[in-house]
Every structure is written in structure tokens, then in C-alpha cells.
Peer 1: 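The structure's right below; bear with me while I get my questions together.
When reading the values below, keep in mind they use all heavy atoms of this one structure, side chains included, and skip hydrogens, waters and symmetry mates. Both ligands and their constituent atoms are indexed starting at 1 by order of listing. All values reported here derive from a predicted model rather than from experimental measurement.
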Amino acid sequence: MASYSELANRPVLTQPVYEAGRPIEVVARDFGLDPASVIKLASNENPLGPSPLGLAAAQQALKQCHLYPDGGCTFLREKLAKHWGLKPENFVIGNGSNEVMILLAQTFLRPGDEVVFGSQAFIVYKLATLLMGATPVEVPMPHYRHDLAAMRAAVTPQTRILFLASPNNPTGGTDRPEDILQLAQSLPEDVIFCLDEAYAEYLDEAVDLRRLIAAGRKIVVTRTFSKAYGLAGLRVGYLMGSTEVVSLLNRVRQPFNVNLPALAAAEAALDDNAFVRETRAVNAAGLTQLMAGLKQLGFNYIEGRANFLAAQIPQAETAFTQLQKVGVIVRPLKGYGMVGWLRLTVGTESQNARLLRELGRL
Ligand SMILES: *Cc1c(COP(=O)(O)O)cnc(C)c1O
């Protein structure tokens, strides 16, 4: 009799496991702490909480949760269309932007295809690639920054997708809009360029690829409500691209992939400009605070504009555990090949101060 493993699809057996930030309640239980005293600076969540408009809409929507959500995400796509000056048919909504990246892989990748991304790029690109039996082509990142010329040079006739996040997670580095535009223009017609803009709201200037998309280039852009809108727990993200790519992805996704309160929250949060503005301001101040503090402690970090910093901390893997003991959760980056590095999410002023204090005590 065959074991389950013998029956499984080949790629599943070697599929790496995504290591998420440790939840507050779990750390509190493991270390005998009061959950209320634990701070989580591990998953780049919004320290201000959810968008108030989004939260109110989700609460209201829960009363209707005996009904299926609108599988077509009609109103959110209409709102996004207005927001971006595109058509509703240019958007696929996902259970987080993670899902739309998986949909992209499921729709376009088969064994033998190559997918290009940076050696310290967001791990989901690799997971999506491997799961479909395609081949990851990881382009070295000197000083943990994308080498866009090397990424372009890594493209072969087998390349199907090229992923780029700016800012990149977990390194935090950002590529210049003009460089991203140039890369997008330089790619062969049959390569899909997926620009992951999970942290674009934190930038002063994000690249705009809509003109190239309209001109028929194979470009898709992903965004999320998880970071600047503070809705990570509800899971909503989206992809914008041509009507053709959108209609293909819609065939692959589950009929009700985005839940009812999440849809309502995202629709409302999209109008919450005041919240996003405050988020940006708190983050900018927090970044300055963290960078100054790390410098003072003599710790190296990667300059960035997102809502987190990658910092080189002595004995980072031990420090990760030590910090949990005192109720501070951060993220070790060993899994990204960055031994000796921790990723620190920007928190509120007092959370940042506490993190720096505990780092100093190590
Ligand atoms: C957080 C993050 C996302 C968003 O994930 P969701 O599934 O939308 O929560 C996407 N890309 C990168 C690089 C991220 O860091």
C-alpha cells in the first residue's frame, strides 16, 4: 500500500513551509506572559490597528454573514476602477495579494518554465514557483538590493514570470521608479512582469505602469489592504492588469475567495485617506526613530522606506528567542539566507522605544 507521501504530487514533497510571524497569544503562552503585554513587530502589520472606516464596515457586514459574499467583488472592483482610472475588468480580488500571486502561478506556470526574482525576494514567489513544478531563478542581490540589470540578464526563452517587490520584503530596499519602468519596458513580450506593491503606500513616489499595461505589455501589479490599510487579518489584496489576464485568473480562483466582512472593509478602507495619511506619518517618524536607535546601538541595517527594517543583530537567532521572553516578537531572517539578521516592523513610538531598549539589553 502506498503512503500518502508516495501518492502526493511530486513538488509537494519538497515544498518549503512558509514561516509566519509568531502570534501574540502563542508567544504569551510559551513564555508565561500576559498577552496584553506582548508586542508583535514581526509581520509588518499596522501599529495603529485597522482603518476605522474598514472596521466599521466589517462589523456592519457581519450581520449579513449568513449570505455568501459577492463572488464577483462588484463594488470593490468598481471602487478600485475609479481609484486607478481603469475598468472593473482590470482587477482580480484575492484572499490577500498572496492569493493573486498563487493564481498567477497556477494560471501560467508548468514544469520547465523559469521564474526570475531576487535571492532575498518575498518567499511567496519561490513557493508559488516550486508548487507548480517550475524552476526558480534566484538572482543574487548585492548588499541585499535588487540588481535589475542582472535580473534582466537572467531572463531566457523559458522565463514565464519575473517578480519584483518595491519596497522588497524582507530587505526593505526600494528600486527607483525610472529603473522599474525601464526594466518593465525591456522585458520580452512573453514574460509576465509582476510588480508587487505591498508597501507602495509608504513611498513618496511609486512607479506607474498603467500606460504600459494599456499598451498591451504583459505587466500585472499587486496591492494589498494588509499593510497601510491595517486589514491583514481579513485577507484582501488585488491584482491589476489587462482584461485578458484578469479573465484568465478569474477562471482559476475559487468562486467566493474573499469573505463578506473583508470585502466590505476593503471597500470602505479605500476611502480612508485620513487613516493612510496618519499611518504614513507615524511610520516615517518610527523609521527615523528606529534607524537612529539602531545606529546608536552600533547595529547595521538596510536603508528603507517601508514599514520595517532588516537589521544585523549579534546572535540574531538567540536574540529572537530572548526578545520573546520579554514580550517582543520580531522576525528572524535565517530562512532567507540572512543569518544574523532580524526584521523589525515599525511600531508606535513607545513600541519602537521598547524594542530598542530590549535590543540594547541583549
Ligand atoms: C505583506 C506582503 C504582501 C501582502 O500579503 P497579503 O497576502 O496581501 O497579506 C505581498 N507582498 C509582500 C512583499 C509583502 O511583504
Peer 1: Side chain, backbone, both or neither: which applies to Glu99 and ligand 1 if a contact is any heavy-atom pair less than 4.0 Å apart?
Peer 2: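 No part of Glu99 comes within reach of ligand 1.
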Peer 1: Let me have the donor-acceptor pairs involving side chains of residues 307-317, under 3.5 Å, with sequence neighbours excluded, atom names and distances please.
Peer 2:
from: Asn307; atom 1: ND2; to: Asn44; atom 2: O; distance (Å): 2.9
from: Asn307; atom 1: ND2; to: Tyr202; atom 2: OH; distance (Å): 3.4
from: Gln312; atom 1: OE1; to: Asn300; atom 2: ND2; distance (Å): 2.8
from: Glu317; atom 1: OE2; to: Gly340; atom 2: N; distance (Å): 3.3

Peer 1: So which heavy atom in the protein is nearest atom 5 (O) of ligand 1, and how far is it from that ligand atom?
Peer 2: Asn98 ND2, 3.1 Å
Peer 1: Below 6.0 angstrom between ring centroids: does that apply to Trp341 and Tyr336?
Peer 2: no
Peer 1: How are the rings of Phe225 and Tyr238 set to each other: parallel, tilted or perpendicular (split at 30° and 60°)?
Peer 2: tilted
Peer 1: For ligand 1, which atoms have a heavy atom of Arg235 less than 4.0 angstrom away?
Peer 2: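 That gives atoms 6 (P), 7 (O), 9 (O) of ligand 1.
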Peer 1: For atom 1 (C) of ligand 1, which protein heavy atom lies nearest, and how many Å away is it?
Peer 2: Lys227 NZ, 1.3 Å
Peer 1: So, are Asp271 and Lys79 salt-bridged, with charged N and O less than 4.0 Å apart?
Peer 2: yes
Peer 1: Is a side-chain donor-acceptor pair under 3.5 Å present for Gln324 with Asp30?
Peer 2: no
Peer 1: Can you tell me which residue and heavy atom of the protein come closest to atom 9 (O) of ligand 1, and the distance to 0.1 Å?
Peer 2: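 Checking every protein heavy atom, the shortest distance to atom 9 (O) of ligand 1 gives Ser226 OG, 2.6 Å.
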Peer 1: Are Leu162 and Leu127 joined in one hydrophobic group, where the rule is that I, L, V, M, F, W and Y side chains link up if heavy atoms are under 4.5 Å apart?
Peer 2: no
Peer 1: Check this for me: does any side-chain nitrogen of one of Glu89 and Lys87 sit under 4.0 Å from a carboxylate oxygen of the other?
Peer 2: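 Answer for the salt bridge query: no.
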Peer 1: Ignoring hydrogens and geometry beyond distance, is a side-chain donor-acceptor pair present between Thr279 and Glu201 at under 3.5 Å?
Peer 2: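 Absent: no donor and acceptor within the cut-off.
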Peer 1: Only heavy atoms count here, so choose which of Tyr125, Phe308, Tyr199, Tyr238 is nearest to atom 15 (O) of ligand 1.
Peer 2: Tyr199
Peer 1: Nearest protein heavy-atom contact for atom 11 (N) of ligand 1: which residue, which atom, what distance?
Peer 2: Asp196 OD2, 2.6 Å
Peer 1: Find all atoms of ligand 1 within a distance of less than 4.0 Å from any non-hydrogen atom belonging to Gly96, and give their numbers and elements.
Peer 2: 6 (P), 7 (O), 8 (O)
Peer 1: Residue-level breakdown please: for Phe225 versus ligand 1, do any non-hydrogen atoms fall below 4.0 Å on the side chain, on the backbone, on both, or on neither?
Peer 2: neither
Peer 1: Closer than 4.0 Å to some heavy atom of Asn169 - which atoms of ligand 1 meet that?
Peer 2: 13 (C), 14 (C), 15 (O)
Peer 1: If the cut-off is 4.0 Å to any non-hydrogen atom of Ala198, which atoms of ligand 1 fall inside it?
Peer 2: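 Atoms satisfying the 4.0 Å criterion: 2 (C), 3 (C), 10 (C), 11 (N), 12 (C), 14 (C).
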Peer 1: Starting from atom 4 (C) of ligand 1, which protein heavy atom do you reach first, and at what distance in Å?
Peer 2: Ser97 OG, 3.2 Å
